[in-house]
Structures are given as C-alpha cells and as structure tokens.
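Structure, as structure tokens:
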Amino acid sequence: MRILTNTTSPYARIARIALAEKGFDLGGTEIVNPWADDAGLLKLNPASRVPTLELDSGIPLTESLLIVTWLERKVPSPSLLDGDLDRIISRAGAAMGVIDAMVHIMIGVLQMDPNWGETKVGLKRRRTIVTGLRALEADPPVYRGGTPDLSVILAVVAVDYIRLRFPDAPWREPTPQLDALRDAVAARPAFASTLPYV
Ligand SMILES: N[C@@H](CCC(=O)N[C@@H](CS)C(=O)NCC(=O)O)C(=O)O
C-alpha cells in the first residue's frame with residue numbers, strides 16, 4: 001500500500017492519521033505535487049488530488065472520508081466512531097466545513113489571485129471558518145484518551161491547518177478549547193508524524 005500526499009493537505013492528513021491510528025505503517029508515503037499533473041498521481045486519480053491511496057492490489061482509493069469509511073470496514077477496531085455517533089458525525093461535519101473553506105481560500109489565493117480571499121466567495125468562506133470554529137469551540141469534540149474519534153481528528157487537522165495558513169489573520173478568534181484538544185493528541189505518532197509544513 002502507498003499513500004500519495006503533499007506536505008500541507010488537510011485531507012491527506014485526515015487519511016494518514018486514520019491509517020496510522022488503525023495501525024498501518026505510513027512508510028509507503030510518497031510526496032507529490034497535485035498541481036503539477038504528476039504522471040503517477042494522474043494514473044491513479046483522474047482528479048490529480050491528494051490523498052490518493054494505492055492498495056497492494058493496485059486499486060486506487062480517493063477522497064479522505066471515503067478512505068476513512070473503507071478503513072472502518074477493513075479494520076473495525078479500534079474504531080474512529082466509538083462514542084456518541086450523532087455528535088461525532090455532526091462535529092466532524094462542522095470541522096470538514098472549516099477545512100473545505102480554508103482550502104478553497106488557499107486555492108484561490110495561490111492559484112488565482114493573491115486577493116481572492118477578499119472576493120464575495122472568499123469572504124463567505126472566511127465567514128464559514130470563523131463561525132464553524134466558533135461552533136466547535138462552544139461544543140468541542142470530546143477526547144478521553146486512547147484512539148481519537150473522527151471529530152477529534154478533523155477538528156485538530158483544522159486547527160493545525162489554520163495555524164499553518166492563516167497564522168496572523170486579524171479575523172481569527174481565540175480557540176482555547178480546540179487548542180487544548182490539539183495539545184492532548186499532539187504527541188500521538190499519527191499526529192506528530194503528519195504535522196503539515198510548507
Ligand atoms: N474532497 C477531497 C479533496 C482533496 C483535495 O482537494 N486535495 C487538494 C490538496 S488540499 C488537492 O489535491 N488539490 C489539487 C486540485 O484541486 O487540483 C478529499 O476529501 O480528499
């Protein structure tokens with residue numbers, strides 16, 4: 001099995017954390033540039049996006065949350081959905097909304113126009129980041145030690161990504177609860193070994 005990733009993608013990090021928490025060795029990680037039409041990536045994923053997971057059978061799996069779905073069936077224990085399922089999925093959805101909004105702004109800024117964040121759509125995405133994090137901060141995922149659930153993984157991925165991409169943004173609000181959640185899992189190998197960097 002090998003996973004194609006880049007060093008920044010929050011989606012790829014979700015898949016990598018889930019794989020590592022399920023006991024998979026991330027040694028087969030390959031860094032690619034999804035914007036450079038990498039031939040190996042394109043062959044496996046017509047969308048040329050990360051994460052792309054190539055199984056030993058050669059079958060490619062794409063889409064972070066589909067990879068998590070596949071993993072939950074392949075390796076049910078430890079589960080990433082243990083606990084209050086409704087709340088886990090609800091909070092995970094809120095965190096995914098924040099992640100999508102941040103990535104959308106970064107694509108606009110890096111691939112189109114440095115001021116893309118100030119466009120009508122950019123400002124809507126910014127509002128999603130602020131209100132999504134505010135909602136998560138008011139009702140944060142619960143971590144009781146051991147294997148984190150999916151909402152913890154997604155919330156921490158969102159927090160680390162905003163630190164990486166929007167470190168000094170004046171519109172950011174403090175998130176002490178989410179920061180504490182992040183600190184609680186930071187030393188786990190799945191998180192420490194996948195920290196994003198530019
Ligand atoms: N919905 C996909 C999104 C994957 C995605 O957009 N990955 C970005 C990196 S953060 C990418 O590869 N972008 C290249 C592109 O959009 O062409 C998932 O959950 O895996």
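Ligands are counted one by one from 1 in listed order, and the atoms in each one are counted from 1 as well. Position 1 is the first residue of the sequence, and the numbers go up from there.
Under the 4.5 Å side-chain heavy-atom criterion for Ile, Leu, Val, Met, Phe, Trp and Tyr, Leu44 and Ile31 are members of distinct hydrophobic clusters.
How far CH2 of Trp116 is from CG of Leu123: 9.0 Å, rounded to the nearest 0.5 Å. Here Ile105 contributes atom CD1 and Glu118 contributes atom CD; the two are 9.0 Å apart, rounded to the nearest 0.5 Å.
Here the shortest heavy-atom pairing between Pro189 and Ser193 reads O-OG, 2.6 Å.
Cluster partners of Leu195, using a side-chain heavy-atom cutoff of under 4.5 Å among ILVMFWY residues and allowing indirect links: none.
The shortest distance between side-chain heavy atoms of Leu81 and Asp149 does not fall below 4.5 Å.
Contact shell of ligand 1 (protein heavy atoms, cutoff 4.0 Å): Ser9, Pro10, Tyr11, Pro34, Trp35, Ser48, Arg49, Val50, Pro51, Glu63, Ser64.
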